[in-house]
Amino acid sequence: MTTRPTGIELADPRVQRAIQLVWHEAELLDAKDYQAWQELYTPDAMYVIPIDPDTEDFASSLNMVHDDDRMRRMRVERMVQGYSPSAVAAARTVRTVSRFATTEVTDDQVVLRSAQIVCSYKRNRYDLLGADLTHTIALAESEDRIAGKVVRLLNSEDAVNASGFLL
């Protein structure tokens, strides 16, 4: 028997802070403010887009993205410098993040699952991507930050045309 979330956990102020950070991240990505986006992450955070929709062992699996701090910074540099195919005429995006559920809530951390729909537009073409997200949010008095993000694309095992923006 599957138990249904009561919604009470979503009213927790720690969870509300985590949700607000996820929404802020989405806003920065749609605005292509990649420099500000990368500053949302803790130095030891991983940003992962696995190909296998069920894997938990990202280090031993094939991934579209498996970025630590150094790789995130390099990816952002490519996105903003204007000389790479992903930066030239980058797609415009609008994303919706919703269907929040928690898997862990402590005074220091919230693990939040959600659904994301990204609509992109580039060269007279619209594309739609759906994904399940897992954010690990490190809570702090000064500033909450993303301690990890996993993007599980619905079509991760197929060809994915998303090189012109970050997920």
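No experiment lies behind these values; they were computed from the predicted model shown. Worth knowing before you read on, the calculation uses all heavy atoms, side chains too, and leaves out hydrogens, waters and symmetry mates.
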Check for a donor-acceptor pair, side chain of K149 on one end and backbone N or O of I49 on the other, with a separation under 3.5 Å.
-> no

Please report the closest heavy-atom contact between A45 and G148, naming both atoms and the distance.
-> CB-N, 4.0 Å

Hey, is the main chain of P53 close enough, under 3.5 Å, to the side chain of R152 for a donor-acceptor pair?
-> yes

In Å, rounded to the nearest 0.5 Å, how long is the span from CE of M46 to CG of N63?
-> 8.0 Å

Which of R78, R73, R72 passes side chain to side chain contact (heavy atoms under 4.5 Å, CB included) with R75? It is R78

Distance in Å, D68 CG paired with Y47 OH, rounded so as to fall on 0.5 Å steps = 13.5 Å

Salt bridge check: are D107 and R14 linked by an N-O gap of less than 4.0 Å?
-> yes

Side-chain donor-acceptor contact under 3.5 Å, Y41 with D44 | no

Verdict with supporting geometry, V76 and Q35, side-chain contact (heavy atoms from CB on, under 4.5 Å) = CA-CA 7 Å; V76 165; Q35 299 289 359; 4.0 Å; yes

For R17, does the CZ atom sit with more than 12 other heavy atoms under 6.0 Å from it, leaving out its own atoms?
-> yes

Please test Y126 against C119 for side-chain contact (heavy atoms from CB on, under 4.5 Å), starting from the C-alpha separation and ending with a verdict.
-> CA-CA 7 Å; Y126 287 96; C119 181; 3.8 Å; yes

Between T93 and D30, do the side chains contain an N or O donor and an N or O acceptor separated by less than 3.5 Å?
-> yes

Is there a path of hydrophobic side-chain contacts, each under 4.5 Å between heavy atoms of I, L, V, M, F, W or Y residues, that connects I137 with L28?
-> yes

Please examine the side chains of R113 and D132, heavy atoms only from C-beta on, and report whether any two atoms are closer than 4.5 Å.
-> no

According to a 4.5 Å side-chain heavy-atom criterion applied to Ile, Leu, Val, Met, Phe, Trp and Tyr, with indirect links allowed, do L29 and I146 form part of one hydrophobic cluster?
-> yes

To the nearest 0.5 Å, how far apart are CD in Q38 and CD in E77?
-> 9.0 Å

Under 3.5 Å, is there a donor-acceptor pair linking the side chains of D57 and T55?
-> no

One should read off an interatomic distance between L10 CG and T102 OG1, to the nearest 0.5 angstrom, of 6.5 Å

Can we say E27 and R95 salt-bridge, meaning some charged N sits less than 4.0 Å from an Asp/Glu carboxylate O?
-> no

Please report the closest heavy-atom contact between Q109 and E104, naming both atoms and the distance.
-> NE2-OE2, 3.2 Å

Check: A36 main-chain N/O paired with D33 side-chain donor or acceptor under 3.5 Å | yes

Can you tell me if W23 uses its side chain to pair, donor with acceptor, with the backbone of V97 under 3.5 Å?
-> yes

Please confirm whether the backbone N or O of D108 pairs with a side-chain atom of T106, one donor and one acceptor, at under 3.5 Å?
-> yes

Is L167 reachable from V150 through a run of hydrophobic residues whose side-chain heavy atoms are each under 4.5 Å from the next?
-> no

Minimal heavy-atom distance between S114 and S98, with the atoms involved, is CB-O, 3.3 Å

Would a hydrophobic clustering, with Ile, Leu, Val, Met, Phe, Trp and Tyr connected at side-chain separations under 4.5 Å, put V48 with Y34?
-> no

Hydrophobic cluster membership, V22 vs V15, 4.5 Å side-chain cutoff | yes

Out of curiosity, D54 CG to S61 OG, how far, rounded to the nearest 0.5 Å?
-> 10.5 Å

Nonpolar side-chain network containing I117, other nodes, edges under 4.5 Å | L128

Taking all non-hydrogen atoms of both residues, which atom of D69 and which atom of P43 are closest, and how far apart?
-> CB-O, 3.2 Å

Is it true that D127 and K122 have a side-chain N and a carboxylate O under 4.0 angstrom from each other?
-> no

Given N155 and L129, is the side-chain contact (heavy atoms from CB on, under 4.5 Å) satisfied, shown in steps?
-> CA-CA 8 Å; N155 62 337; L129 289 172; 3.9 Å; yes

Decide side-chain contact (heavy atoms from CB on, under 4.5 Å) for H135 and V111; before the verdict, give the C-alpha distance in whole Å, the side-chain angles of both, and the deciding distance to 0.1 Å.
-> CA-CA 6 Å; H135 281 85; V111 179; over 6 Å; no

Would you confirm whether S156, through its side chain, and I51, through its main-chain N or O, come within 3.5 Å as a donor-acceptor pair?
-> yes

